[in-house]
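What follows is a set of notes on a single structure, which appears directly below.
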Amino acid sequence: MAVEMDPHAQMQAQIERDLAAWNDAQQKQSMRYRAAKEAATALQADFHLAPKHLLAIGDSWLDYPIEGNNPLSGPSDIKIQLQAICSPSPIIYSTAHRGDASTDEMSLPKQERILQLLMDKSKWPNGKPDAIIASAGGNDVAGNNFCIFLNYNDGAASGLNAQRYAGVMAIVKSSYLALFSLRDRHAPGVPIYGHCYDFPTPNGVPAPCGYGPWLKPSLDFCNWPAGPGKVIVHDALAQFKAMLDGLAADPRTNSMSCRRKGRSTTPIGRTNCIQTRRGSG
């Protein structure tokens, strides 16, 4: 009699299948580029297709739960957008999965998955990625756990609980530092690009895919109305940005933070970033 896997094991197996399917498709496209390059060399012709090879590590920003570019919701995740706007389209191998907190992204199974990709030299024409794109921290802070970092509005308390929020920022920072350390050991010199967030209005509107809201339910639970709630969210994301910018300012990390303003992005460093539509929370 067949033994059924428990729901968690089934979910993990599906994640593995999804990542394998994405990465297999990337490797096939990479082989097409390499075949074109070999043919150009043999024919002494100019080669016009030299894509970047990237590694994506993160959450829904790199694994949005809408397939491709949905005309109703706009472009989906950053992987899809990069491949749509860049020519030639970059090859992007991935360990990203929507819903992951930073501690999930840098857990032992995920680090082993990252290493498996990094050590497969057939994936990297230059022996290692041209860059690593990372998204971490959003799921540590937002969602059902956002209430953990809020004081109850009794008329005297401030919005964010400074001690608790500093604690989660330390966890996210530790996850980034673990990523830097892993990169230094196995892909030294490869730049890492992260991102912070724009400042949403916590109005309870979910994302186009139906996920969320991530902020207003916790604000309601802790008795914070719309005006002060927006200030709380702004404060939380400003502190997140300051933490990430601090990492990017340290030359030892070889990392760059992409600053978001409204619905567009301004790069910090040498790269352009992508406009990403999200629910407001």
Side-chain angles (χ1 to χ4, degrees), residues 3-27 53-65 77-79 91-124 127-145 148-149 164-195 240 243-244 246-248 250 252-255 257:
V3 178
E4 292 188 3
M5 291 189 294
D6 64 75
H8 177 74
Q10 291 180 27
M11 181 181 69
Q12 293 303 311
Q14 184 61 52
I15 292 171
E16 293 288 346
R17 289 193 292 271
D18 291 346
L19 287 172
W22 172 271
N23 290 327
D24 286 348
Q26 298 305 296
Q27 187 146 25
H53 284 63
L54 311 178
L55 174 60
I57 298 169
D59 48 29
S60 64
W61 283 66
L62 296 162
D63 181 43
Y64 203 43
D77 64 49
I78 292 173
K79 303 194 315 297
I91 302 299
I92 308 177
Y93 296 105
S94 179
T95 67
H97 185 261
R98 55 189 175 272
D100 277 1
S102 66
T103 49
D104 297 316
E105 296 171 28
M106 294 311 298
S107 65
L108 178 60
K110 283 295 182 73
Q111 290 203 40
E112 290 174 337
R113 196 176 292 160
I114 292 167
L115 278 182
Q116 185 177 23
L117 289 172
L118 288 176
M119 296 177 71
D120 184 353
K121 300 306 181 184
S122 68
K123 289 180 165 55
W124 315 109
K128 55 188 177 183
D130 294 299
I132 295 170
I133 52 177
S135 175
N139 293 307
D140 298 74
V141 174
N144 291 333
N145 51 343
I148 296 171
F149 315 116
R164 292 181 223 153
Y165 195 68
V168 75
M169 288 294 95
I171 289 173
V172 177
K173 181 176 180 179
S174 293
S175 297
Y176 267 106
L177 291 172
L179 174 58
F180 299 154
S181 178
L182 184 70
R183 180 273 317 271
D184 290 345
R185 297 195 305 272
H186 298 283
V190 172
I192 295 174
Y193 298 96
H195 70 88
F240 185 97
M243 179 275 294
L244 204 60
L247 290 173
D250 185 343
R252 295 172 297 178
T253 68
N254 192 17
S255 65
S257 167

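Everything quoted here is computed from the prediction, not taken from an experiment.
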What's the spacing between [X] [atom1] and [Y] [atom2] if we round to 0.5 Å?
{"X": "Met106", "Y": "Phe180", "atom1": "CE", "atom2": "CZ", "result": "10.0 Å"}
{"X": "Ile91", "Y": "His53", "atom1": "CD1", "atom2": "NE2", "result": "5.0 Å"}
{"X": "Arg252", "Y": "Leu177", "atom1": "CZ", "atom2": "CG", "result": "9.5 Å"}
{"X": "Tyr193", "Y": "Ile78", "atom1": "OH", "atom2": "CD1", "result": "13.5 Å"}
{"X": "Gln111", "Y": "Ile114", "atom1": "CD", "atom2": "CD1", "result": "6.0 Å"}
{"X": "Ile132", "Y": "Ile92", "atom1": "CD1", "atom2": "CD1", "result": "13.0 Å"}

Run the side-chain contact (heavy atoms from CB on, under 4.5 Å) check on Leu115 and His186 step by step: do they pass?
-> CA-CA 8 Å; Leu115 278 182; His186 298 283; 3.2 Å; yes
Listed by chain and number, what are the side-chain hydrogen bond (donor to acceptor under 3.5 Å, both in side chains) partners of Ser94, not counting sequence neighbours?
-> none
Quick one: do Trp22 and Asp18 satisfy side-chain contact (heavy atoms from CB on, under 4.5 Å)? Show the steps, please.
-> CA-CA 6 Å; Trp22 172 271; Asp18 291 346; over 6 Å; no
Which heavy atom of [X] sits nearest a heavy atom of [Y], and at what distance?
{"X": "Val141", "Y": "Met169", "value": "CG2-CE, 3.7 Å"}
{"X": "Ser135", "Y": "His195", "value": "OG-NE2, 2.7 Å"}
{"X": "Asn145", "Y": "Phe149", "value": "O-CE1, 3.5 Å"}
{"X": "Val168", "Y": "Asp140", "value": "CG2-O, 3.7 Å"}
{"X": "Ile171", "Y": "Ser102", "value": "O-OG, 4.1 Å"}

Between [Y] and [X], is there a side-chain heavy-atom distance shorter than 4.5 Å?
{"X": "Pro129", "Y": "Leu118", "result": "yes"}
{"X": "Leu247", "Y": "Met243", "result": "yes"}
{"X": "Leu244", "Y": "Tyr176", "result": "yes"}
{"X": "Ile15", "Y": "Arg113", "result": "yes"}

Contacts of Tyr93 meeting ring pair (Phe, Tyr, Trp, His ring centres under 6.0 Å) (sequence neighbours excluded), chain-then-number -> Trp124
Partners of Phe240 by ring pair (Phe, Tyr, Trp, His ring centres under 6.0 Å), sequence neighbours excluded?
-> Tyr197
Start with the C-alpha distance between Asn139 and Arg98, add both sets of side-chain angles, then the distance that settles side-chain contact (heavy atoms from CB on, under 4.5 Å), and finish with yes or no.
-> CA-CA 9 Å; Asn139 293 307; Arg98 55 189 175 272; over 6 Å; no
State whether a side-chain donor-acceptor pair under 3.5 Å links Arg17 with Gln14.
-> yes
I'd like to know if the side chain of [X] reaches the main chain of [Y], judged simply by a donor and an acceptor atom lying under 3.5 Å from each other, with no hydrogens or angles considered.
{"X": "Asp63", "Y": "Gly58", "answer": "no"}
{"X": "Ser107", "Y": "Asp104", "answer": "yes"}
{"X": "Thr95", "Y": "Lys110", "answer": "no"}
{"X": "Lys79", "Y": "Leu62", "answer": "yes"}
{"X": "Asp100", "Y": "Glu105", "answer": "no"}

Start with the C-alpha gap between Gln27 and Asn23, add the side-chain angles, then the distance that decides, and say whether side-chain contact (heavy atoms from CB on, under 4.5 Å) holds.
-> CA-CA 6 Å; Gln27 187 146 25; Asn23 290 327; over 6 Å; no
Not counting sequence neighbours, list each pair that qualifies as a salt bridge (Lys or Arg N to Asp or Glu O under 4.0 Å) and has a residue in residues 175-195.
-> none
Within 6.0 Å of [atom1] in [X], more than 12 heavy atoms from elsewhere:
{"X": "Met119", "atom1": "CE", "answer": "no"}
{"X": "Asn144", "atom1": "CG", "answer": "no"}
{"X": "Gln116", "atom1": "CD", "answer": "no"}

With Lys123 via salt bridge (Lys or Arg N to Asp or Glu O under 4.0 Å) - residues at least two apart | Asp120
Mind checking salt bridge (Lys or Arg N to Asp or Glu O under 4.0 Å) for Lys173 and listing every partner two or more places apart, or none if nothing turns up?
-> none
